[in-house]
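Following: one structure in structure tokens, then a few remarks.
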Amino acid sequence: MKTVLITGATSGFGLSLVEELLQKDYEVVATGRSICSRSKIFASISEDLRARLQLIDLDVNEPSQIAQVKEFFEHKTLDCLVNNAGLGHFGPLEEVTDEAMERLINTNLVGLMKLTRELLPALRTSKGKIVNVSSAFGFMGFPLTSVYCASKFAVEGFTQSLALELKPHGVDVFSVRPGGYRTNFLENAIFEEGLKEDVYLQQVRGLKQFQKKLSSRPNPPDKMEVVHKIVQLIEGNRRKSVTVGKDARLGWFLKRFLPEAVYDSLMQKTASNMMSAVEGSSV
Ligand SMILES: NC(=O)c1ccc[n+]([C@@H]2O[C@H](COP(=O)([O-])OP(=O)(O)OC[C@H]3O[C@@H](n4cnc5c(N)ncnc54)[C@H](OP(=O)(O)O)[C@@H]3O)[C@@H](O)[C@H]2O)c1
């Protein structure tokens with residue numbers, strides 16, 4: 001029976017992945033912030049499936065908790081690490097405090113790299129896999145998203161480099177790049193409020209309205225699309241990183257195949273349409 005460790009397993013893609021892998025007979029080590037005291041989250045999972053579920057507290061920004069996870073896998077096989085924990089951040093760079101910037105980069109990137117590093121001995125032994133949940137914002141820039149994009153672009157670079165480094169050791173490293181899906185992501189994201197009214201307020205309103213429109217779509221894409229792609233990578237049915245969702249795949253296609261100047265001008269138009277849509281609105 002294979003064992004998969006998932007970070008950020010308390011909601012969204014992470015929680016759904018726990019449920020999916022238990023259904024598929026995996027042993028799942030679900031980690032998250034204070035997850036042991038939040039075990040009610042898993043109450044709807046039947047008792048026989050829960051027998052294969054282990055909960056471990058892991059805030060990816062807590063070195064002592066990373067050390068405990070490492071120690072756990074000194075006595076147990078680890079077949080796959082899914083680095084899913086992450087946080088959104090939206091707003092003008094001028095308004096981002098050091099604290100918010102560090103929190104975001106530490107959670108989305110530094111914690112992911114530190115945990116991966118500590119679990120590499122276990123993954124080399126099992127010739128296992130690493131799946132990093134990145135984003136469409138790991139290959140496309142977007143206004144008011146610079147710090148989040150920086151974190152996810154870096155996850156992409158980390159993934160590509162590590163894949164080459166670990167190939168000779170039998171460890172596969174992939175990324176999954178979702179577009180927009182309805183999880184707790186937007187509720188949990190840090191929003192800068194456009195306090196420099198004369199400068200950024202219109203853009204902040206535009207982004208909020210754009211996100212509101214996306215969140216209220218009558219038929220939003222199903223987050224299981226992302227979960228199923230992660231499962232394909234874990235099971236070896238897919239052998240390369242994947243971009244998931246119509247919006248993300250369109251972006252991926254445009255970025256890859258349009259000349260850079262054409263792509264840049266298209267993105268500028270998209271950004272400016274997003275802002276002009278709120279002219280005169282009170283959002
Ligand atoms: N939803 C989307 O549209 C979308 C698109 C592209 C990429 N993504 C990426 O997908 C991943 C999962 O996000 P989601 O959409 O499922 O959002 P979500 O429902 O908000 O889930 C995020 C998970 O990360 C956890 N987390 C946050 N900070 C953490 C920390 N310091 N240590 C450990 N866990 C932490 C959260 O735990 P708590 O319960 O403790 O907050 C939660 O379990 C993220 O990496 C996100 O960037 C999402």
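Ligands are counted one by one from 1 in listed order, and the atoms in each one are counted from 1 as well. Side-chain atoms are counted along with the backbone in the values below, which use heavy atoms only and exclude waters and symmetry mates.
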Around [atom], find the nearest protein heavy atom and jot down its residue, atom name and distance.
atom	answer
atom 15 (O) of ligand 1	T183 OG1, 2.6 Å
atom 22 (C) of ligand 1	G86 O, 3.6 Å
atom 31 (N) of ligand 1	D59 OD1, 3.0 Å
atom 43 (O) of ligand 1	T10 OG1, 2.6 Å
atom 20 (O) of ligand 1	N188 ND2, 3.0 Å
atom 25 (C) of ligand 1	G8 CA, 3.7 Å
atom 27 (C) of ligand 1	R33 NH2, 3.5 Å
atom 11 (C) of ligand 1	N84 O, 3.1 Å

For [X] and ligand 1, does the shortest N/O to N/O distance drop below 3.5 Å?
X	value
V60	yes
F13	yes
R38	yes

- Task: Calculate, to the nearest 0.5 Å, the distance between atoms CG and OG1 belonging to L120 and T116 respectively.
- Result: 7.0 Å
Looking at [X], which atoms of ligand 1 are within less than 4.0 Å of one of its heavy atoms?
X	answer
N61	31 (N)
G12	16 (O), 19 (O)
G180	3 (O)
L58	32 (N), 33 (C)

- Min over G14, G32, A85, A30 of heavy-atom distance to atom 35 (C) of ligand 1 lands on A85
- Query: Within 45 degrees of the axis of the six-membered ring of F191 and under 6.0 Å from its centre: does K208 put its NZ or CZ there?
  - Reply: yes
Could you tell me if any non-hydrogen atom of [X] lies under 4.0 Å from any atom of ligand 1?
X	value
F137	no
G179	yes
S134	yes

- Task: Give a yes or no answer on whether the side chain of R205 reaches the backbone of Y200 with a donor-acceptor pair at less than 3.5 Å.
- Result: no
- Task: Spell out, as yes or no, whether a donor-acceptor pair under 3.5 Å connects the side chain of S241 to the backbone of S175.
- Result: yes
Lys/Arg N to Asp/Glu carboxylate O, [X] vs [Y], below 4.0 Å:
X	Y	value
E27	K76	yes
R177	E156	yes
R182	D222	no
D172	K167	yes

Show me the side-chain donor-acceptor pairs of residues 248-260 shorter than 3.5 Å, one per line, residues at least two apart or across chains.
residue: K255; atom: NZ; partner: F139; partner atom: O; Å: 2.7

- Within reach of ligand 1, part of N184 (heavy-atom separation under 4.0 Å): both
- Task: Tell me which part of K152 gets within contact of ligand 1: side chain, backbone, both or neither, using heavy atoms under 4.0 Å.
- Result: side chain
- Do the two ring centres, one from Y148 and one from F185, sit under 6.0 Å apart? yes
- Of the non-hydrogen atoms in T125 and P121, which two are nearest, and what is the gap between them? OG1-O, 2.8 Å
- Message: Looking at D48, I'd like to know if its CG atom is crowded, meaning that more than 12 non-hydrogen atoms belonging to other residues, nucleotides or ligands lie closer than 6.0 Å.
- Response: yes
- Does CZ in R50 sit with more than 12 non-hydrogen atoms of other residues, nucleotides or ligands closer than 6.0 Å? yes
